[in-house]
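Contents: one structure, followed by commentary.
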Amino acid sequence: MKKIILLMLMLSPFANADMDYVCVIDVKKDVYALDWIFDEMEDAIDEYGCKRNNILLLTVPPDLTEYTSIITKESLMYASILWCRQDRNEKIERNQLRCVLYDTKPRKFLK
């Protein structure tokens, strides 16, 4: 038991989660954000150099009408499902999503 505790103490400085960086993605296109989430999010993650366990701040165009407000919330929900760690805090407010990036590739839907 003492050996296990000693081993854990020795290895703990090497454990890091790379949550010291924030990956900011600002969707400026005047298109439905949901289409953008599925089609171009992976390219944006690569372009901005985002890595697993970075803090992701995703901003989509602001709500202009009640209809776009519904699309914005749905888009951010899908982005959270596909890209965010579900065991960490995440926050969706107005037109922004803040979470811990799960991976640089999206999750897949079961058929």
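The first residue in the sequence is number 1, and the count goes up from there.
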Do Val60 and Ile70 sit in the same hydrophobic cluster, where Ile, Leu, Val, Met, Phe, Trp and Tyr count as joined when their side-chain heavy atoms come under 4.5 Å apart? no
Under the side-chain contact (heavy atoms from CB on, under 4.5 Å) rule, what do Tyr21 and Lys51 come out as? Steps first, then yes or no, please. CA-CA 9 Å; Tyr21 298 100; Lys51 304 267 188 250; over 6 Å; no
Checking side-chain contact (heavy atoms from CB on, under 4.5 Å) for the pair Lys28/Trp36: CA distance, chi angles, key distance, verdict? CA-CA 10 Å; Lys28 295 188 187 276; Trp36 192 91; over 6 Å; no
Which atom pair, heavy atoms only, marks the closest approach of Ile37 to Ser75? CG1-O, 3.9 Å
The reported gap from CZ in Arg98 to CG in Leu57 (rounded to nearest 0.5 angstrom) is 8.0 Å
Nearest 0.5 Å, what's the SG-NZ distance between Cys84 and Lys91? 14.5 Å
Leu58 pairs by side chain to side chain contact (heavy atoms under 4.5 Å, CB included) with which of Ile45, Leu76, Leu101? Leu76
Output for pair (Met41 CE, Glu47 CD), nearest 0.5 Å, gives 12.0 Å
Do you know which two heavy atoms are closest between Glu90 and Cys99, and how far apart they sit? CB-CB, 3.7 Å
Quick one: do Tyr48 and Tyr102 end up in the same hydrophobic cluster if we chain Ile, Leu, Val, Met, Phe, Trp and Tyr together by side-chain heavy atoms under 4.5 Å apart? no
For Asn89, does the CG atom sit with more than 12 other heavy atoms under 6.0 Å from it, leaving out its own atoms? no
Do you know which two heavy atoms are closest between Ser80 and Gln86, and how far apart they sit? O-NE2, 3.0 Å
Give me the ring orientation class for Tyr78 and Phe109: parallel if the planes are under 30° apart, tilted from 30 to 60°, perpendicular past 60°. perpendicular
What one should report as the nearest heavy-atom pair of Pro61 and Val27 is CD-O, 3.4 Å
Closest contact, heavy atoms only, Cys50 versus Ile25: SG-CD1, 4.3 Å
Greater than 12 external heavy atoms within 6.0 Å of Arg94's CZ: no
Under 3.5 Å side-chain donor-acceptor pair for Asn53 and Arg85: yes
Determine, step by step, whether Asp103 and Lys105 satisfy the salt bridge (Lys or Arg N to Asp or Glu O under 4.0 Å) criterion, reporting the C-alpha distance in whole Å, the side-chain angles of both residues, the deciding distance to 0.1 Å, and the verdict. CA-CA 5 Å; Asp103 200 356; Lys105 305 292 181 207; over 6 Å; no
In short, Leu97 meets Ala79 closest at the heavy-atom pair CD2-CB, 3.9 Å
Rounded to the nearest 0.5 Å, what separation is found between the CG atom of Leu56 and the CD atom of Gln96? 10.5 Å
